[in-house]
Amino acid sequence: PVATPPFSVLSDEFAAAPHRFYARLREQAPVHYEPAIDSYFLSRHQDVKRVLTDHEAFTTEMLQVRAEPVMRGRVLAQMTGAEHTAKRKIVVRGFTGSALREQIRAVHANAEELMAPFLPRGRVDLVNDFGKPFAVHVALDVLGLDRADWQQVADWHGGVAEFVTSLALTPERRRHCLDCAQQLEAYLSPVIRRRRRRPGEDLISRLCTAEFDGVTMSDRDVTALIINVLVAAAEPADKTIALLFKHLIDHPEQLAQVRREPDLTAAAIAETLRFTPPVQLIPRQTQESAVFAGTTVPAGATVFCMIGAANRDPEAFADPDTFDIHRADLGTARSFTAAAQHLAFGTGLHQCVGAAFARAEVETVAAMLLPLLDEVRYSPGFRYRETGLYTRGPVSLSLDFT
Ligand code: 2IO
């Protein structure tokens with residue numbers, strides 16, 4: 001008899017369909033240790049929530065090695081105390097009021113422009129034809145960068161995102177990622193210099209000129225924030241849009257309801273984020289040793305919060321493996337705030353600062369695409385496949401419509 005190898009989140013079986021393993025992990029290995037990367041994986045809603053809420057016991061120190069080398073400076077998630085409060089406030093301002101209204105106009109314009117060529121054909125790959133270029137175009141418009149550079153920026157972004165979202169990198173890939181980051185920084189430096197001299201209405205200008213409680217942003221802060229905004233805006237957006245359409249196509253009665261009552265769109269997006277969060281893992285580091293479900297995690301250990309598993313914990317959601325935009329425990333109004341029950345935007349001090357923007361972006365796209373894509377369905381012969389462990393989404397989503 002051949003012994004079954006120990007379960008691993010790094011296995012091909014897990015990569016093919018992580019949700020099939022969530023219940024087993026929560027019930028039998030709520031603190032799963034992965035020796036190859038010396039990290040612990042937490043899958044229960046209660047444990048994940050505790051880690052994200054207690055930012056003193058569970059720090060973001062590992063971002064120094066997991067993010068800083070490609071962000072080219074410290075990002076908000078690495079900061080605490082007065083510095084964090086001031087700089088987070090500056091970023092929040094950059095995504096509210098007149099700034100947000102202008103950003104949503106850019107969302108509209110880009111969505112319209114990118115979808116136009118596919119309308120007469122009656123077929124579009126929502127990931128590769130639309131979502132990916134759309135997400136980068138919007139990020140560039142928000143930052144006030146030239147959309148003509150989008151292919152180049154998208155390539156650099158790919159390297160930066162690969163670094164941040166990899167569980168293991170070969171030395172060659174690592175060099176490639178660092179190279180992308182360096183070129184991106186070199187591209188941004190003269191832009192930052194110009195915006196300091198002659199600021200406009202874009203996010204880079206706002207970051208350059210902002211002040212809160214006497215705190216301002218250094219060039220390094222601005223660089224890191226621009227790269228952070230680029231990754232955070234580009235990496236999950238195409239996935240969320242494609243997953244929303246996939247779930248609605250798979251649940252035609254709910255699709256019909258959203259078409260009839262567009263006010264249900266926010267609930268459909270919130271349920272998509274709960275059911276299939278595009279960011280599946282959030283790393284933290286234990287300050288002291290900590291006990292979860294009777295298992296001790298040593299001090300200084302890397303802990304990965306499994307957002308997908310926590311979001312399907314029956315202790316937190318009734319009938320968790322069912323996609324239901326009407327679920328009573330969704331709390332749509334709170335779904336894009338720190339009070340959310342689902343953990344797709346994290347929670348606590350470092351909860352996603354772009355959550356309100358993300359909601360407005362995806363709502364705008366959905367409101368625009370639903371009426372355009374009549375009788376939307378999978379293209380004949382289309383095979384659905386997802387990829388990614390850290391961020392995860394459809395490889396493609398080929399749709400036919402009338
Ligand atoms: C570099 C991982 C797509 C963030 C980071 C500290 C990124 C930070 C996140 C999300 C999503 C990206 N972490 N956004 O999980 O800004």
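Counting convention: from 1, in listed order, for ligands and their atoms alike. No hydrogens, no waters, no symmetry mates; every other heavy atom, side chains included, goes into these values.
- The distance between the ring centers of F130 and F118 does not fall below 6.0 angstrom.
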Run the side-chain donor-acceptor check on residues 380-390: report pairs under 3.5 Å with partners two or more places apart or on a different chain.
unit_1, atom_1, unit_2, atom_2, d
Y384, OH, E386, OE2, 2.6
E386, OE1, R392, NE, 2.8

Return a table of N or O atom pairs, ligand 1 on one side and protein on the other, at distances under 3.5 Å, rounded to 0.1 Å.
unit_1, atom_1, unit_2, atom_2, d
ligand 1, 16 (O), N228, ND2, 2.7

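- F21 and F14 have tilted rings, their planes meeting at an angle from 30° to 60° on a 0 to 90° scale.
- Judged by a 6.0 Å distance limit and a 45° cone about the ring axis, R327 is not positioned over the six-membered ring of F275.
- Aromatic ring pairs are classed by plane angle as parallel below 30°, tilted from 30° to 60° and perpendicular above 60°; the pair F317 and H45 is perpendicular.
- When the shell of 6.0 Å around CG of D374 is examined, it contains more than 12 heavy atoms from other residues, nucleotides or ligands.
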